[in-house]
Student: 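One structure follows; several queries about it will come next.
Numbers restart at 1 for each chain; the letters A, B, ... are given by sequence-line order, proteins then strands. What you see is a predicted model, and the numbers here were worked out from it, not measured in a lab.
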2 protein chains.
Amino acid sequence: MPGRVDDMLDQLRSAGRRVTAQRRAVLQALARLGCAQDVEAIHARARRIHPRVGLVTVYRTLEALVGEGVAQRVVLGDDRTRYELGQEHGHHHHLVCLSCGSVQRLDECHLESKRAGRRHGFTVTAHRLELLGYCAKCGVPA
Amino acid sequence: MPGRVDDMLDQLRSAGRRVTAQRRAVLQALARLGCAQDVEAIHARARRIHPRVGLVTVYRTLEALVGEGVAQRVVLGDDRTRYELGQEHGHHHHLVCLSCGSVQRLDECHLESKRAGRRHGFTVTAHRLELLGYCAKCGVPA
DNA sequence: CCTGAAAATGAAAATCGTTTTCAATATGCC
DNA sequence: GGCATATTGAAAACGATTTTCATTTTCAGG
Ligand SMILES: [Zn+2]
Ligand SMILES: [Zn+2]
Ligand SMILES: [Zn+2]
Ligand SMILES: [Zn+2]
């Protein structure tokens, strides 16, 4: 876990970005927190690691991490954007409780997921699926 | 199409809601527009039908329609909430272009969708899937 | 048809997550 | 160390959505 974070920081550095105490803190916060955390939660955790981290910096750092492919945005349908450490965590989806809002990681994919949800003690009543990519008109960018 | 709208208005009325020119206009706008329209687009269209429709009323009406099961929210990952006429339009998903942002309706489901996207001239590079329901702790509400 | 209680409307103000601005500070290659 | 440049934070700006509240409208009942 600590090596992982340092590797990511190296990755940032080689990408020409500077490594600061704040970024280290945000990255460690992400590494210690679970899936799909909102910015406020990440900020709170990062602050426990390095008190001198402003909310704005968390926003900016998260976007930088997404840009580097180290973290990814997670959209669940509520009003806040969530983030989690990137694809190295493996492609996965989430079970979102309509009642308590809890988010549970689901490693299976490709829609035997309804069954998979049930296996997790979760009753799937709806799902949201969006396919992202490039339309015929636009084509895939170089 | 016009009968459809009247049926929905009747449904609202029997649910104890009042039918107003504004609601009629919003409903007609939804019926005439395609999938996954944002509130601004719905407002603009509704205004062409009945100029005396405020944006706030559109917001309120849309939520009322969702509450009645006549319309549904569509979350694509950008900052705006989109709406479309309800399940009677049939369960479906969307192909969202990362380049131009266009949204295309996809009737297939259950993740042979990658192939399906390609059939539509669309190159799927990512997908977002969330399963919604009730976790073991909460259980399904009565 | 009137009437009145309750629901709906619109304009403006309030919220709230997120972004921008800008002056001060920190990083990392010489 | 020194400098060019990236990063930071506080405050202000933003943009979508919600709330407030006084006014208007719907519709059940008489
Ligand atoms: Zn996750
Ligand atoms: Zn998947
Ligand atoms: Zn649709
Ligand atoms: Zn589906």
Student: Closest approach to the side chain of A:V19, judged atom by atom: which nucleotide of D:dT7, C:dG28, D:dC27 is it?
Tutor: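 Looking only at side-chain atoms, A:V19 lies closest to C:dG28.
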Student: Round to the nearest Å and state the distance from B:E68 atom CD to C:dA7 atom P.
Tutor: 14 Å
Student: Are OP1 or OP2 of C:dA8 and a side-chain N or O of B:T61 less than 4.0 angstrom apart?
Tutor: no
Student: Check the distance between D:dT7's P and A:L62's CG and give it to me in whole angstrom.
Tutor: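 Rounded to the whole Å, the gap is 14 Å.
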Student: Starting at atom CD of A:Q37, determine the distance to atom P of C:dG17, rounded to an integer number of angstrom.
Tutor: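 Taking CD of A:Q37 and P of C:dG17, I get 16 Å after rounding.
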Student: Is the number of heavy atoms from other residues, nucleotides or ligands within 6.0 Å of CD (B:E40) greater than 12?
Tutor: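 Counting other residues, nucleotides and ligands, CD of B:E40 stays at 12 neighbours or fewer.
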Student: So does A:R73 pair up with A:E63, basic N to acidic O under 4.0 Å?
Tutor: yes
Student: Using heavy-atom distances to pick each residue's nearest nucleotide on DNA chain D, tell me which of A:G16 and B:A21 is more 5'.
Tutor: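 Between the two, 5'-proximity favours A:G16.
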Student: Indicate, yes or no, whether a donor-acceptor pair under 3.5 Å links the base of D:dG9 to the side chain of A:R60.
Tutor: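 Result: at least one qualifying N/O pair found.
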Student: Taking atom P of C:dT27 as reference, at what distance in whole Å does atom CZ of A:R23 sit?
Tutor: 11 Å
Student: Would you say the base of C:dA6 and the side-chain of B:R18 have a donor-acceptor pair closer than 3.5 Å?
Tutor: yes
Student: Under 4.0 Å between a side-chain N or O of B:Q22 and OP1 or OP2 of C:dG10?
Tutor: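 Result: yes.
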Student: Tell me whether the side-chain N/O atoms of B:Y59 come closer than 4.0 Å to OP1 or OP2 in D:dT17.
Tutor: yes
Student: Please tell me whether A:V53 and A:I49 are part of a single hydrophobic cluster in this structure, the criterion being side-chain heavy atoms less than 4.5 Å apart.
Tutor: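 The answer is no; the residues belong to distinct hydrophobic clusters.
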Student: Taking OP1 and OP2 of C:dG10, is either one under 4.0 Å from a side-chain nitrogen or oxygen of B:T57?
Tutor: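 Yes, B:T57 has a side-chain N/O under 4.0 Å of OP1/OP2 on C:dG10.
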Student: Nearest whole Å is fine: how far is D:dT8 P from A:R47 CZ?
Tutor: 14 Å
Student: I want to check one thing: is the phosphate of D:dG9, taken as OP1 and OP2, less than 4.0 Å away from some side-chain N or O of A:R52?
Tutor: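 Indeed not, no polar side-chain atom of A:R52 lies that close.
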Student: Measure CZ/B:R24 against P/D:dT25 and give the value in whole Å, please.
Tutor: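 From B:R24 CZ to D:dT25 P: 14 Å.
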Student: Tell me the interatomic distance from B:E63, atom CD, to C:dA7, atom P, rounded to whole angstroms.
Tutor: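 For the pair B:E63 CD and C:dA7 P, the rounded distance is 19 Å.
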Student: Need to verify one output field. Residue with the more 5' nearest nucleotide on DNA chain D, B:R17 or B:V39?
Tutor: B:V39
Student: Picking from C:dT9, D:dT18, C:dT18, which would you name as closest to the side chain of B:V56?
Tutor: D:dT18
Student: Is the backbone of A:C35 close enough, under 3.5 Å, to the side chain of A:E84 for a donor and an acceptor to pair up by distance?
Tutor: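 No.
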Student: Hydrophobic cluster membership, with links at side-chain heavy-atom distances under 4.5 Å among I/L/V/M/F/W/Y: are B:L27 and B:V19 in one?
Tutor: yes
Student: Within the pair A:T20 and D:dT8, is there a side-chain N or O less than 4.0 Å away from OP1 or OP2?
Tutor: yes
Student: For B:R80 and C:dT18, give me the distance from atom CZ to atom P, rounded to whole Å.
Tutor: 15 Å
